[in-house]
Amino acid sequence: MEIYDKKMVNRLKRADGQLHAVLRMMEEEQDCINVITQLTAVRSSIDNLIGVIVAENLKNCLLTSNPDNQDAKIDQAIKMIVKK
């Protein structure tokens with residue numbers, strides 16, 4: 001079973017592309033507000049990806065783990081979400 005699906009990988013590749021664009025903007029000494037706007041977009045896309053990964057992992061855990069272990073897995077997922 002796949003842990004990270006193609007959509008997750010594509011999201012990360014898109015964020016990587018955005019980050020490279022920000023580097024170009026900085027090298028071209030573009031306006032600060034534009035750089036910050038793009039960095040905020042990158043951060044938002046990565047935060048969303050973290051949420052998707054945690055949610056999918058939790059769903060998978062609940063469907064495949066034994067009931068005795070589910071509480072620990074739920075606690076682990078909550079800690080990952082709160083840490084972010």
Practice prompt. Evaluate the side-chain contact (heavy atoms from CB on, under 4.5 Å) criterion for residues Q18 and S45: first the C-alpha distance (whole Å), next the side-chain angles of each, then the deciding distance (0.1 Å), finally the verdict.
Written response: CA-CA 10 Å; Q18 287 176 302; S45 67; 3.5 Å; yes
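Here CD1 of I53 is found 10.5 Å from CD1 of I3. Values are rounded to the nearest 0.5 Å. With rounding to the nearest 0.5 Å, the separation of CG in L58 from CD1 in I78 is 8.0 Å.
Under the side chain to side chain contact (heavy atoms under 4.5 Å, CB included) criterion, V52 pairs with M8, R11, E56, sequence neighbours left out. Residues satisfying the side chain to side chain contact (heavy atoms under 4.5 Å, CB included) criterion with K7, sequence neighbours excluded, are D5. Checked against side chain to side chain contact (heavy atoms under 4.5 Å, CB included), K13 has the following partners two or more places apart in sequence or in another chain: V9, N10.
The two residues V42 and L19 come nearest to each other via the heavy atoms CG2-N, 4.0 Å.
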With a 3.5 Å cut-off and sequence neighbours excluded, list the donor-acceptor pairs that the side chains of residues 29-39 form with protein atoms.
unit_1 : atom_1 : unit_2 : atom_2 : d
Q30    : NE2    : E28    : OE1    : 2.7
T37    : OG1    : I33    : O      : 2.7

